[in-house]
**Student:** 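Below you will find the structure I want to go over with you.
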Amino acid sequence: MRDFIRRAVRSRSIFMFLLAVPLAACDTASSHFRGQAVQRITVEGSVFEVRLRGSLAEAVRVNPQYAPRLGPIRKRAQRAMEVASGCPVRDVLGDQAVLVGRLDCGSGEAAQ
């Protein structure tokens, strides 16, 4: 009986670990933006971690929101990217959690 309990506890621990690993990466930068400085910016209740690299910006939404629609989130992420970079954003692609914008900073890169 003890062996059964030990195995159950051990397998449950492994299950919980495997469940927690993907959740720990939810606010991590994508590989292209890894190592870049992060700015936390709030726009109309949505909180983004914005990273800049060259003429691109990445906004990762880090606050929980129930069933957010992409349209409003895209506009908020665009505003967060503009605040972080000091440049207008040409277009934004992504989903409700991770969005990437193309910056229009003229001839130079975004002010970091």
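Atoms considered below: every heavy atom in the structure, side chains included; atoms not considered: hydrogens, waters and symmetry mates.
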**Student:** Is there a chain of hydrophobic side chains (I, L, V, M, F, W, Y, each step under 4.5 Å between heavy atoms) that links Leu56 to Val89?
**Tutor:** no
**Student:** Closest heavy-atom contact between Ala84 and Val50?
**Tutor:** CB-CG1, 3.5 Å
**Student:** With sequence neighbours excluded, tell me which residues meet side chain to side chain contact (heavy atoms under 4.5 Å, CB included) with Arg76.
**Tutor:**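 If we apply the side chain to side chain contact (heavy atoms under 4.5 Å, CB included) test to Arg76, skipping adjacent residues, the hits are Val43, Glu44, Ser46, Phe48, Gln65, Pro72, Ile73.
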**Student:** Are any of the side-chain heavy atoms of Leu52 and Gln36 separated by less than 4.5 Å?
**Tutor:** no
**Student:** Under 3.5 Å, side chain of Asp91 to main-chain N/O of Gly101, donor-acceptor pair present?
**Tutor:**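 Answer holds: no.
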**Student:** Under 4.5 Å between side-chain heavy atoms, counting indirect links through other Ile/Leu/Val/Met/Phe/Trp/Tyr residues: same cluster for Val92 and Val83 or not?
**Tutor:**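 In one cluster: yes.
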**Student:** Do Glu82 and Cys87 come close enough that some side-chain heavy atom pair is under 4.5 Å?
**Tutor:**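 Counting from C-beta outward, Glu82 and Cys87 never come under 4.5 Å.
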**Student:** Contact between Val47 and Arg40 at the side-chain level, heavy atoms closer than 4.5 Å - yes or no?
**Tutor:**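 Of all side-chain heavy-atom pairs linking Arg40 with Val47, at least one is under 4.5 Å.
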**Student:** For residues Met81 and Ile41, determine if any side-chain heavy atom of one lies less than 4.5 Å from a side-chain heavy atom of the other.
**Tutor:** no
**Student:** Identify the heavy atoms of Gly94 and Leu70 that sit nearest to each other, and give their distance.
**Tutor:**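 Scanning both residues completely, I find the closest heavy atoms to be O-CD2, 3.9 Å.
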**Student:** Return the CZ to CG distance between Arg74 and Asp95, rounded to the nearest 0.5 Å.
**Tutor:**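 The distance works out to 10.5 Å.
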**Student:** Would you indicate whether the side-chain heavy atoms of Glu49 and Gln39 approach each other to under 4.5 Å?
**Tutor:** no
**Student:** Residues in side chain to side chain contact (heavy atoms under 4.5 Å, CB included) with Asp104, at least two apart?
**Tutor:**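 In terms of side chain to side chain contact (heavy atoms under 4.5 Å, CB included), with neighbours along the sequence ignored, Asp104 is linked to Arg90.
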**Student:** Given the rule that I, L, V, M, F, W and Y join up when any side-chain heavy atoms are under 4.5 Å apart, are Leu103 and Phe33 in one cluster?
**Tutor:** no
